[in-house]
Amino acid sequence: MIKNHIKTSFQSIRRSPFQALAAVMVLSVTFFVATLIGVVLYGSSQILHEFETRPQVIAFIKKDVSGEKQNELKQKLEQDTRIRDIKLVTREEAVEIYKDATSDNPLLGELVSPAIFPASLEFSVEDLSFAQSVIDEIKSNDIVDSVSYTASLGGESELGAVLERLKNVTYYVRVASLAAVAVLAFTSLLVLMVVVGMRIQTRRGEIETLSLIGATKGFIRLPIMLEAINYAIMGTFVGWTLAITVVFYSTPSIISYFGNIEVLPSGAAALFQFLGMILLGELAVAVIIALTGSLIAISRAFK
Amino acid sequence: MNKTSMVEFKNVSKSFGPIQALKDITFNIQEGEFVFISGASGAGKTTILRLLIGQFKPTSGEIIIDGTPIHKMKKSAVPRLRQSIGTVYQDYRLLPERTIRENIEVALAVKSVPEKEWRERVDQVLNVVGLKDRANLFPAQISGGELQRASLARALVINPKLILADEPTGNLDWKNAESMLELFEKINKEGKTLIVTTHNQAILVKSKKRIIELEDGKIIHDQKSH
(Lines give C-alpha, C1' and ligand atoms only; values in the text may rest on other atoms or scores of the structure.)
Protein backbone atom coordinates (compact mmCIF):
# COMPACT_ATOMS: atom_id res chain seq x y z
CA MET A 1 0.00 0.00 0.00
CA ILE A 2 2.90 2.34 0.82
CA LYS A 3 4.06 1.86 -2.79
CA ASN A 4 0.83 3.49 -3.96
CA HIS A 5 1.24 6.38 -1.54
CA ILE A 6 4.80 6.94 -2.79
CA LYS A 7 3.51 6.83 -6.38
CA THR A 8 0.81 9.35 -5.49
CA SER A 9 3.36 11.65 -3.88
CA PHE A 10 5.54 11.60 -7.02
CA GLN A 11 2.50 12.18 -9.25
CA SER A 12 1.72 15.19 -7.14
CA ILE A 13 5.24 16.56 -7.64
CA ARG A 14 4.94 16.09 -11.40
CA ARG A 15 1.65 18.02 -11.43
CA SER A 16 3.20 21.19 -9.97
CA PRO A 17 6.89 21.06 -10.83
CA PHE A 18 7.65 24.70 -10.02
CA GLN A 19 6.38 24.48 -6.45
CA ALA A 20 8.44 21.33 -6.09
CA LEU A 21 11.48 23.04 -7.57
CA ALA A 22 11.14 25.99 -5.19
CA ALA A 23 10.97 23.67 -2.18
CA VAL A 24 13.91 21.56 -3.36
CA MET A 25 16.05 24.62 -4.09
CA VAL A 26 15.49 26.21 -0.70
CA LEU A 27 16.34 22.93 1.00
CA SER A 28 19.37 22.55 -1.27
CA VAL A 29 20.72 25.93 -0.15
CA THR A 30 20.22 24.93 3.49
CA PHE A 31 22.04 21.64 3.14
CA PHE A 32 24.73 23.08 0.87
CA VAL A 33 25.58 25.58 3.61
CA ALA A 34 25.16 22.93 6.32
CA THR A 35 27.60 20.59 4.58
CA LEU A 36 30.20 23.34 4.15
CA ILE A 37 29.72 24.37 7.76
CA GLY A 38 30.20 20.75 8.80
CA VAL A 39 33.51 20.71 6.94
CA VAL A 40 34.55 24.08 8.41
CA LEU A 41 33.67 22.96 11.95
CA TYR A 42 35.68 19.78 11.49
CA GLY A 43 38.62 21.77 10.12
CA SER A 44 38.52 24.34 12.92
CA SER A 45 38.38 21.66 15.59
CA GLN A 46 41.33 19.93 13.92
CA ILE A 47 43.30 23.19 13.92
CA LEU A 48 42.53 23.71 17.59
CA HIS A 49 43.40 20.10 18.37
CA GLU A 50 46.66 20.46 16.48
CA PHE A 51 47.68 23.51 18.51
CA GLU A 52 46.59 21.88 21.74
CA THR A 53 48.42 18.64 21.15
CA ARG A 54 51.54 19.43 19.15
CA PRO A 55 54.80 19.57 21.21
CA GLN A 56 54.31 22.97 22.66
CA VAL A 57 57.15 23.31 25.07
CA ILE A 58 60.86 22.70 24.52
CA ALA A 59 63.15 22.78 27.52
CA PHE A 60 66.81 23.13 26.47
CA ILE A 61 69.25 21.34 28.76
CA LYS A 62 72.51 22.95 29.86
CA LYS A 63 75.54 21.69 27.88
CA ASP A 64 77.47 19.89 30.61
CA VAL A 65 74.56 17.91 32.01
CA SER A 66 75.00 14.14 31.88
CA GLY A 67 72.60 11.79 30.12
CA GLU A 68 71.69 10.30 33.50
CA LYS A 69 70.45 13.65 34.82
CA GLN A 70 68.59 14.31 31.60
CA ASN A 71 66.79 10.98 32.06
CA GLU A 72 66.02 11.79 35.67
CA LEU A 73 64.30 15.00 34.60
CA LYS A 74 62.44 13.11 31.87
CA GLN A 75 61.19 10.54 34.40
CA LYS A 76 60.15 13.31 36.77
CA LEU A 77 58.13 14.95 34.02
CA GLU A 78 56.57 11.63 33.05
CA GLN A 79 55.12 11.33 36.53
CA ASP A 80 53.52 14.78 36.24
CA THR A 81 49.84 14.26 35.25
CA ARG A 82 49.71 17.69 33.61
CA ILE A 83 52.32 16.67 31.05
CA ARG A 84 52.23 14.18 28.20
CA ASP A 85 54.08 13.10 25.05
CA ILE A 86 57.54 13.72 26.51
CA LYS A 87 60.45 13.24 24.18
CA LEU A 88 64.14 13.55 24.96
CA VAL A 89 66.16 14.86 22.01
CA THR A 90 69.88 14.21 22.47
CA ARG A 91 72.61 16.43 21.00
CA GLU A 92 73.25 13.87 18.26
CA GLU A 93 69.57 13.72 17.36
CA ALA A 94 69.47 17.51 17.33
CA VAL A 95 72.35 17.54 14.83
CA GLU A 96 70.50 15.02 12.65
CA ILE A 97 67.35 17.15 12.76
CA TYR A 98 69.41 20.19 11.76
CA LYS A 99 71.04 18.27 8.90
CA ASP A 100 67.68 17.08 7.66
CA ALA A 101 66.36 20.60 7.76
CA THR A 102 69.34 21.90 5.79
CA SER A 103 69.65 18.93 3.43
CA ASP A 104 69.26 21.23 0.41
CA ASN A 105 72.47 22.98 1.49
CA PRO A 106 74.92 20.30 2.81
CA LEU A 107 77.62 22.88 3.50
CA LEU A 108 75.57 24.35 6.33
CA GLY A 109 75.33 20.93 7.96
CA GLU A 110 79.07 20.32 7.74
CA LEU A 111 80.06 23.69 9.13
CA VAL A 112 78.38 23.15 12.48
CA SER A 113 79.73 21.15 15.40
CA PRO A 114 77.46 18.90 17.49
CA ALA A 115 78.76 20.74 20.52
CA ILE A 116 76.67 23.80 19.78
CA PHE A 117 73.40 21.87 19.85
CA PRO A 118 71.92 21.36 23.29
CA ALA A 119 69.87 18.32 24.27
CA SER A 120 66.21 19.14 24.85
CA LEU A 121 63.00 17.80 26.34
CA GLU A 122 59.89 18.34 24.21
CA PHE A 123 56.45 17.85 25.70
CA SER A 124 52.79 18.86 25.57
CA VAL A 125 50.44 19.76 28.37
CA GLU A 126 47.12 18.00 28.99
CA ASP A 127 45.29 21.28 29.23
CA LEU A 128 46.34 24.72 28.17
CA SER A 129 45.56 26.13 31.59
CA PHE A 130 48.55 24.15 32.94
CA ALA A 131 50.99 25.55 30.37
CA GLN A 132 52.21 28.63 32.20
CA SER A 133 52.74 26.95 35.57
CA VAL A 134 54.55 23.97 34.01
CA ILE A 135 56.82 26.31 32.08
CA ASP A 136 57.59 28.35 35.21
CA GLU A 137 58.40 25.20 37.18
CA ILE A 138 60.68 23.71 34.56
CA LYS A 139 62.50 27.00 34.09
CA SER A 140 63.50 26.88 37.74
CA ASN A 141 65.11 23.43 37.32
CA ASP A 142 68.94 23.53 37.68
CA ILE A 143 69.73 21.58 34.52
CA VAL A 144 67.40 23.62 32.29
CA ASP A 145 69.03 26.42 30.35
CA SER A 146 65.99 27.96 28.64
CA VAL A 147 62.42 27.17 27.61
CA SER A 148 60.70 28.02 24.35
CA TYR A 149 57.25 27.52 22.79
CA THR A 150 56.61 26.01 19.40
CA ALA A 151 53.26 27.78 18.91
CA SER A 152 53.21 31.47 18.15
CA LEU A 153 50.32 33.29 16.61
CA GLY A 154 49.75 37.04 16.28
CA GLY A 155 51.33 39.44 18.69
CA GLU A 156 50.68 37.53 21.92
CA SER A 157 53.69 36.79 23.96
CA GLU A 158 52.31 33.93 26.02
CA LEU A 159 51.31 30.50 24.78
CA GLY A 160 48.10 30.51 26.86
CA ALA A 161 46.94 33.79 25.35
CA VAL A 162 47.59 32.55 21.82
CA LEU A 163 45.58 29.40 22.33
CA GLU A 164 42.88 31.18 24.26
CA ARG A 165 42.38 33.41 21.23
CA LEU A 166 42.25 30.37 18.96
CA LYS A 167 39.68 28.74 21.23
CA ASN A 168 37.56 31.90 21.17
CA VAL A 169 37.72 32.11 17.38
CA THR A 170 36.69 28.45 17.10
CA TYR A 171 33.85 28.97 19.56
CA TYR A 172 32.48 31.95 17.64
CA VAL A 173 32.82 30.11 14.32
CA ARG A 174 30.78 27.24 15.80
CA VAL A 175 28.10 29.50 17.26
CA ALA A 176 27.78 31.56 14.06
CA SER A 177 27.67 28.42 11.93
CA LEU A 178 25.01 26.77 14.03
CA ALA A 179 22.98 30.00 14.05
CA ALA A 180 23.20 30.20 10.25
CA VAL A 181 22.11 26.58 9.87
CA ALA A 182 19.27 27.11 12.34
CA VAL A 183 18.01 30.16 10.41
CA LEU A 184 18.23 28.30 7.10
CA ALA A 185 16.53 25.22 8.56
CA PHE A 186 13.69 27.39 9.91
CA THR A 187 13.35 29.08 6.50
CA SER A 188 13.17 25.63 4.88
CA LEU A 189 10.51 24.59 7.36
CA LEU A 190 8.42 27.67 6.51
CA VAL A 191 8.82 27.13 2.76
CA LEU A 192 7.83 23.49 3.09
CA MET A 193 4.80 24.48 5.14
CA VAL A 194 3.72 26.99 2.49
CA VAL A 195 4.29 24.55 -0.41
CA VAL A 196 2.48 21.70 1.36
CA GLY A 197 -0.34 24.09 2.29
CA MET A 198 -0.67 25.15 -1.36
CA ARG A 199 -0.66 21.51 -2.41
CA ILE A 200 -3.47 20.71 0.00
CA GLN A 201 -5.51 23.64 -1.36
CA THR A 202 -5.07 22.51 -4.96
CA ARG A 203 -5.98 18.94 -4.00
CA ARG A 204 -8.95 19.99 -1.88
CA GLY A 205 -11.48 18.34 -4.24
CA GLU A 206 -9.51 15.11 -4.38
CA ILE A 207 -9.15 15.03 -0.60
CA GLU A 208 -12.89 15.60 -0.16
CA THR A 209 -13.68 12.77 -2.59
CA LEU A 210 -11.28 10.41 -0.82
CA SER A 211 -12.89 11.30 2.48
CA LEU A 212 -16.37 10.63 1.08
CA ILE A 213 -15.41 7.14 -0.08
CA GLY A 214 -14.02 6.30 3.35
CA ALA A 215 -10.34 7.24 3.29
CA THR A 216 -8.90 7.51 6.77
CA LYS A 217 -6.90 10.53 7.93
CA GLY A 218 -3.73 8.50 7.53
CA PHE A 219 -4.59 7.50 3.96
CA ILE A 220 -5.15 11.13 2.99
CA ARG A 221 -2.21 12.58 4.91
CA LEU A 222 0.49 10.02 4.18
CA PRO A 223 1.04 11.00 0.49
CA ILE A 224 1.22 14.66 1.53
CA MET A 225 3.85 13.87 4.15
CA LEU A 226 5.74 11.63 1.73
CA GLU A 227 5.77 14.46 -0.78
CA ALA A 228 7.38 16.77 1.79
CA ILE A 229 9.91 14.03 2.63
CA ASN A 230 10.67 13.68 -1.10
CA TYR A 231 11.45 17.40 -1.31
CA ALA A 232 13.64 17.17 1.76
CA ILE A 233 15.59 14.15 0.50
CA MET A 234 16.06 15.66 -2.95
CA GLY A 235 17.12 19.00 -1.45
CA THR A 236 19.60 17.27 0.85
CA PHE A 237 21.19 15.30 -1.97
CA VAL A 238 21.45 18.32 -4.27
CA GLY A 239 22.89 20.56 -1.52
CA TRP A 240 25.30 17.90 -0.27
CA THR A 241 26.49 17.05 -3.80
CA LEU A 242 27.14 20.70 -4.61
CA ALA A 243 28.98 21.18 -1.33
CA ILE A 244 31.22 18.14 -1.72
CA THR A 245 32.00 19.28 -5.26
CA VAL A 246 33.23 22.56 -3.78
CA VAL A 247 35.16 20.66 -1.09
CA PHE A 248 36.83 18.35 -3.62
CA TYR A 249 37.63 21.26 -5.92
CA SER A 250 39.30 23.23 -3.14
CA THR A 251 40.95 20.29 -1.32
CA PRO A 252 44.42 20.76 -2.94
CA SER A 253 44.46 24.45 -1.98
CA ILE A 254 43.24 23.69 1.55
CA ILE A 255 45.87 21.00 2.09
CA SER A 256 48.66 23.18 0.77
CA TYR A 257 47.54 26.16 2.89
CA PHE A 258 47.29 24.28 6.18
CA GLY A 259 50.33 22.09 5.61
CA ASN A 260 50.50 19.15 7.98
CA ILE A 261 47.31 20.09 9.90
CA GLU A 262 44.64 17.59 8.84
CA VAL A 263 41.77 20.02 8.30
CA LEU A 264 40.11 17.31 6.18
CA PRO A 265 40.24 13.59 6.98
CA SER A 266 43.26 12.09 5.27
CA GLY A 267 42.67 9.36 2.70
CA ALA A 268 39.75 8.92 0.32
CA ALA A 269 37.98 6.35 2.52
CA ALA A 270 38.14 8.53 5.64
CA LEU A 271 37.02 11.59 3.67
CA PHE A 272 34.04 9.75 2.15
CA GLN A 273 33.17 8.30 5.54
CA PHE A 274 33.21 11.80 7.03
CA LEU A 275 31.10 13.26 4.20
CA GLY A 276 28.79 10.23 4.39
CA MET A 277 28.23 10.88 8.09
CA ILE A 278 27.35 14.50 7.28
CA LEU A 279 24.89 13.27 4.63
CA LEU A 280 23.23 10.86 7.04
CA GLY A 281 22.90 13.56 9.68
CA GLU A 282 21.46 15.96 7.12
CA LEU A 283 18.97 13.37 5.89
CA ALA A 284 17.78 12.84 9.45
CA VAL A 285 17.38 16.60 9.97
CA ALA A 286 15.69 16.93 6.55
CA VAL A 287 13.13 14.24 7.37
CA ILE A 288 12.42 15.92 10.71
CA ILE A 289 11.94 19.27 8.94
CA ALA A 290 9.68 17.64 6.33
CA LEU A 291 7.57 15.83 8.90
CA THR A 292 7.25 18.91 11.12
CA GLY A 293 6.44 21.23 8.19
CA SER A 294 3.91 18.89 6.62
CA LEU A 295 2.22 18.07 9.91
CA ILE A 296 1.84 21.77 10.76
CA ALA A 297 0.50 22.50 7.25
CA ILE A 298 -1.90 19.54 7.44
CA SER A 299 -3.18 20.44 10.88
CA ARG A 300 -3.81 24.02 9.72
CA ALA A 301 -5.52 22.92 6.49
CA PHE A 302 -7.73 20.28 8.10
CA LYS A 303 -8.76 22.39 11.07
CA MET B 1 -35.55 -4.22 15.12
CA ASN B 2 -36.56 -6.12 12.04
CA LYS B 3 -33.66 -8.41 11.01
CA THR B 4 -33.99 -7.49 7.34
CA SER B 5 -33.86 -3.74 7.92
CA MET B 6 -30.97 -2.11 6.07
CA VAL B 7 -31.72 1.53 6.95
CA GLU B 8 -33.88 2.84 9.76
CA PHE B 9 -34.63 6.50 10.46
CA LYS B 10 -36.44 6.99 13.78
CA ASN B 11 -37.78 10.49 14.45
CA VAL B 12 -34.74 12.08 12.86
CA SER B 13 -34.44 15.86 12.82
CA LYS B 14 -31.52 17.90 11.56
CA SER B 15 -31.08 21.62 11.98
CA PHE B 16 -28.42 23.93 10.58
CA GLY B 17 -28.66 26.92 12.87
CA PRO B 18 -32.14 28.34 12.47
CA ILE B 19 -32.87 26.19 9.39
CA GLN B 20 -34.56 22.86 10.03
CA ALA B 21 -33.55 20.62 7.14
CA LEU B 22 -35.31 17.47 8.40
CA LYS B 23 -38.29 17.38 10.72
CA ASP B 24 -39.03 14.20 12.67
CA ILE B 25 -38.43 11.80 9.79
CA THR B 26 -39.19 8.10 10.27
CA PHE B 27 -38.83 5.39 7.65
CA ASN B 28 -37.48 1.91 7.24
CA ILE B 29 -35.75 0.43 4.20
CA GLN B 30 -35.44 -3.34 3.91
CA GLU B 31 -32.38 -5.19 2.70
CA GLY B 32 -32.49 -5.55 -1.10
CA GLU B 33 -34.99 -2.71 -1.52
CA PHE B 34 -34.70 0.00 -4.21
CA VAL B 35 -36.01 3.31 -2.90
CA PHE B 36 -36.20 6.73 -4.46
CA ILE B 37 -36.19 9.82 -2.29
CA SER B 38 -37.75 12.65 -4.19
CA GLY B 39 -38.65 16.24 -3.59
CA ALA B 40 -37.85 19.74 -4.69
CA SER B 41 -34.50 21.37 -4.07
CA GLY B 42 -34.04 22.03 -0.35
CA ALA B 43 -36.60 19.36 0.62
CA GLY B 44 -33.94 17.43 2.56
CA LYS B 45 -32.99 14.62 0.13
CA THR B 46 -29.25 15.20 0.22
CA THR B 47 -29.34 15.77 3.98
CA ILE B 48 -30.66 12.21 4.39
CA LEU B 49 -27.79 10.80 2.33
CA ARG B 50 -25.24 12.89 4.18
CA LEU B 51 -26.58 11.64 7.49
CA LEU B 52 -26.25 8.09 6.18
CA ILE B 53 -22.54 8.50 5.40
CA GLY B 54 -21.84 10.19 8.70
CA GLN B 55 -21.05 13.58 7.17
CA PHE B 56 -22.96 15.02 10.11
CA LYS B 57 -24.99 13.77 13.03
CA PRO B 58 -28.73 14.23 13.46
CA THR B 59 -29.90 16.91 15.87
CA SER B 60 -32.25 14.31 17.34
CA GLY B 61 -33.48 10.81 16.55
CA GLU B 62 -31.80 7.53 15.63
CA ILE B 63 -30.26 6.26 12.42
CA ILE B 64 -29.46 2.57 12.12
CA ILE B 65 -27.65 1.01 9.15
CA ASP B 66 -27.55 -2.77 8.95
CA GLY B 67 -28.01 -2.99 12.71
CA THR B 68 -25.39 -0.38 13.57
CA PRO B 69 -26.59 2.83 15.23
CA ILE B 70 -24.63 5.53 13.42
CA HIS B 71 -26.18 8.55 15.16
CA LYS B 72 -23.83 7.96 18.10
CA MET B 73 -20.89 6.81 16.04
CA LYS B 74 -17.48 8.29 16.87
CA LYS B 75 -15.78 10.44 14.23
CA SER B 76 -12.95 7.93 13.99
CA ALA B 77 -15.40 5.18 12.97
CA VAL B 78 -16.88 7.17 10.06
CA PRO B 79 -14.27 6.06 7.44
CA ARG B 80 -15.12 2.41 8.13
CA LEU B 81 -18.83 3.19 7.71
CA ARG B 82 -18.15 4.91 4.40
CA GLN B 83 -15.99 2.02 3.22
CA SER B 84 -19.03 -0.22 3.56
CA ILE B 85 -21.35 2.01 1.51
CA GLY B 86 -21.16 2.65 -2.21
CA THR B 87 -21.80 6.28 -3.12
CA VAL B 88 -22.62 7.93 -6.45
CA TYR B 89 -22.78 11.70 -6.83
CA GLN B 90 -24.39 14.02 -9.35
CA ASP B 91 -20.99 15.60 -10.11
CA TYR B 92 -19.34 12.13 -10.32
CA ARG B 93 -16.51 13.04 -7.95
CA LEU B 94 -13.87 11.24 -9.98
CA LEU B 95 -10.21 12.19 -9.58
CA PRO B 96 -9.31 14.08 -12.76
CA GLU B 97 -5.62 13.11 -12.85
CA ARG B 98 -6.31 9.40 -12.67
CA THR B 99 -7.63 7.04 -15.30
CA ILE B 100 -11.01 5.37 -14.91
CA ARG B 101 -9.28 2.18 -13.79
CA GLU B 102 -7.19 4.09 -11.22
CA ASN B 103 -10.28 5.91 -9.97
CA ILE B 104 -11.96 2.59 -9.28
CA GLU B 105 -8.79 1.19 -7.73
CA VAL B 106 -8.72 4.09 -5.27
CA ALA B 107 -11.84 2.70 -3.59
CA LEU B 108 -10.08 -0.65 -3.17
CA ALA B 109 -6.94 1.04 -1.84
CA VAL B 110 -9.03 3.00 0.66
CA LYS B 111 -10.57 -0.25 1.84
CA SER B 112 -7.13 -1.93 2.05
CA VAL B 113 -8.08 -4.65 -0.43
CA PRO B 114 -4.91 -6.58 -1.41
CA GLU B 115 -3.48 -5.28 -4.68
CA LYS B 116 -3.45 -8.70 -6.33
CA GLU B 117 -7.28 -8.64 -6.31
CA TRP B 118 -7.58 -5.23 -7.92
CA ARG B 119 -7.38 -6.10 -11.61
CA GLU B 120 -9.99 -8.83 -11.47
CA ARG B 121 -12.42 -6.82 -9.38
CA VAL B 122 -12.04 -3.67 -11.45
CA ASP B 123 -12.49 -5.61 -14.70
CA GLN B 124 -15.62 -7.19 -13.27
CA VAL B 125 -17.31 -3.87 -12.40
CA LEU B 126 -16.15 -2.26 -15.64
CA ASN B 127 -17.95 -5.07 -17.44
CA VAL B 128 -21.09 -4.51 -15.38
CA VAL B 129 -21.21 -0.79 -16.26
CA GLY B 130 -19.99 -1.35 -19.84
CA LEU B 131 -16.78 0.69 -19.60
CA LYS B 132 -14.14 -1.98 -20.19
CA ASP B 133 -12.86 -0.16 -23.28
CA ARG B 134 -12.66 3.14 -21.41
CA ALA B 135 -10.56 1.85 -18.50
CA ASN B 136 -7.38 3.67 -19.46
CA LEU B 137 -8.97 6.98 -20.36
CA PHE B 138 -9.05 9.99 -18.08
CA PRO B 139 -12.35 11.49 -16.84
CA ALA B 140 -11.91 14.47 -19.19
CA GLN B 141 -11.86 12.07 -22.17
CA ILE B 142 -15.26 10.43 -21.63
CA SER B 143 -18.92 11.58 -21.76
CA GLY B 144 -21.18 12.52 -18.85
CA GLY B 145 -23.09 9.24 -19.01
CA GLU B 146 -19.82 7.29 -18.96
CA LEU B 147 -18.53 9.37 -16.05
CA GLN B 148 -21.61 8.48 -14.06
CA ARG B 149 -21.18 4.80 -14.90
CA ALA B 150 -17.52 5.02 -13.82
CA SER B 151 -18.71 6.57 -10.57
CA LEU B 152 -21.14 3.66 -10.13
CA ALA B 153 -18.32 1.19 -10.89
CA ARG B 154 -16.26 2.77 -8.10
CA ALA B 155 -19.21 2.35 -5.75
CA LEU B 156 -19.73 -1.28 -6.78
CA VAL B 157 -16.12 -2.43 -6.63
CA ILE B 158 -16.09 -2.53 -2.83
CA ASN B 159 -19.08 -4.90 -3.00
CA PRO B 160 -21.31 -2.89 -0.66
CA LYS B 161 -24.69 -4.03 0.65
CA LEU B 162 -25.96 -0.46 0.42
CA ILE B 163 -25.56 2.00 -2.46
CA LEU B 164 -26.49 5.67 -2.13
CA ALA B 165 -26.86 7.82 -5.23
CA ASP B 166 -27.38 11.57 -4.95
CA GLU B 167 -29.14 12.88 -8.06
CA PRO B 168 -27.22 10.47 -10.31
CA THR B 169 -29.21 11.50 -13.37
CA GLY B 170 -29.10 15.22 -12.62
CA ASN B 171 -26.44 15.94 -15.25
CA LEU B 172 -27.57 13.35 -17.80
CA ASP B 173 -29.83 13.43 -20.83
CA TRP B 174 -32.84 11.15 -20.91
CA LYS B 175 -31.09 8.34 -22.79
CA ASN B 176 -28.19 8.22 -20.32
CA ALA B 177 -30.53 8.64 -17.36
CA GLU B 178 -32.57 5.68 -18.55
CA SER B 179 -29.39 3.67 -19.01
CA MET B 180 -28.34 4.49 -15.44
CA LEU B 181 -31.75 3.45 -14.17
CA GLU B 182 -31.40 0.12 -15.95
CA LEU B 183 -28.02 -0.37 -14.33
CA PHE B 184 -29.43 0.41 -10.89
CA GLU B 185 -32.22 -2.09 -11.44
CA LYS B 186 -29.72 -4.73 -12.57
CA ILE B 187 -27.62 -4.15 -9.45
CA ASN B 188 -30.70 -4.18 -7.23
CA LYS B 189 -31.69 -7.56 -8.67
CA GLU B 190 -28.32 -8.88 -7.45
CA GLY B 191 -29.47 -8.13 -3.91
CA LYS B 192 -28.02 -4.68 -3.26
CA THR B 193 -30.05 -2.07 -1.39
CA LEU B 194 -30.28 1.18 -3.33
CA ILE B 195 -31.33 4.61 -2.12
CA VAL B 196 -31.46 7.13 -4.94
CA THR B 197 -32.40 10.78 -4.59
CA THR B 198 -33.93 12.42 -7.64
CA HIS B 199 -36.34 15.09 -8.73
CA ASN B 200 -36.60 13.55 -12.19
CA GLN B 201 -40.30 12.68 -12.45
CA ALA B 202 -39.83 10.67 -15.64
CA ILE B 203 -37.41 8.35 -13.89
CA LEU B 204 -39.78 7.95 -10.95
CA VAL B 205 -42.68 7.10 -13.21
CA LYS B 206 -40.64 4.64 -15.24
CA SER B 207 -39.04 2.82 -12.32
CA LYS B 208 -42.20 1.90 -10.39
CA LYS B 209 -40.14 1.57 -7.20
CA ARG B 210 -40.89 2.82 -3.70
CA ILE B 211 -40.74 6.60 -3.48
CA ILE B 212 -40.30 8.58 -0.27
CA GLU B 213 -41.37 12.10 -1.09
CA LEU B 214 -40.12 15.00 0.96
CA GLU B 215 -41.32 18.52 1.22
CA ASP B 216 -39.78 21.12 3.45
CA GLY B 217 -37.93 18.47 5.52
CA LYS B 218 -40.96 16.25 6.11
CA ILE B 219 -42.14 13.02 4.50
CA ILE B 220 -45.34 13.83 2.70
CA HIS B 221 -45.71 10.56 0.88
CA ASP B 222 -44.17 7.08 1.17
CA GLN B 223 -45.36 5.13 -1.82
CA LYS B 224 -44.45 1.44 -1.78
CA SER B 225 -43.30 -0.33 -4.95
CA HIS B 226 -45.95 -1.13 -7.52
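Residue numbering restarts at 1 for every chain, and letters A, B, ... go by the order of the sequence lines. What's counted below: heavy atoms across the whole structure, side chains too, no hydrogens, waters or symmetry copies. Values in this document were obtained by computation on a predicted structure and should not be read as measured data.
Note that NZ of Lys111(B) and CZ of Phe219(A) are 13.5 Å apart. Values are rounded to the nearest 0.5 Å.
Other residues, nucleotides and ligands place no more than 12 heavy atoms under 6.0 Å from the CE atom of Met25(A). Within a 6.0 Å sphere centred on CZ of Phe56(B), other residues, nucleotides and ligands contribute more than 12 heavy atoms. Dense packing is recorded around OH of Tyr42(A), with more than 12 heavy atoms of other residues, nucleotides or ligands lying under 6.0 Å away. The 12-atom threshold is exceeded at NE2 of His71(B), counting heavy atoms of other residues, nucleotides or ligands nearer than 6.0 Å. Within a 6.0 Å radius of CZ in Arg80(B), no more than 12 heavy atoms belonging to other residues, nucleotides or ligands are found. Around the CD atom of Gln273(A), the shell of radius 6.0 Å holds no more than 12 heavy atoms that belong to other residues, nucleotides or ligands. For CZ of Phe16(B), the number of neighbouring non-hydrogen atoms (other residues, nucleotides, ligands) closer than 6.0 Å is greater than 12. Enclosure of atom CD in Glu120(B) is not indicated, since only 12 or fewer non-hydrogen atoms of other residues, nucleotides or ligands lie within 6.0 angstrom.
Heavy-atom neighbours of chain A within the stretch residues 89-103 of chain B, taken at a separation under 4.5 angstrom, comprise Tyr89(B), Arg93(B), Leu95(B), Glu97(B), Arg98(B), Glu102(B). Residues of residues 209-216 of chain A lying under 4.5 angstrom from chain B, judged on non-hydrogen atoms, are Thr209(A), Leu210(A), Ser211(A), Leu212(A), Ile213(A), Gly214(A), Ala215(A), Thr216(A) by number.
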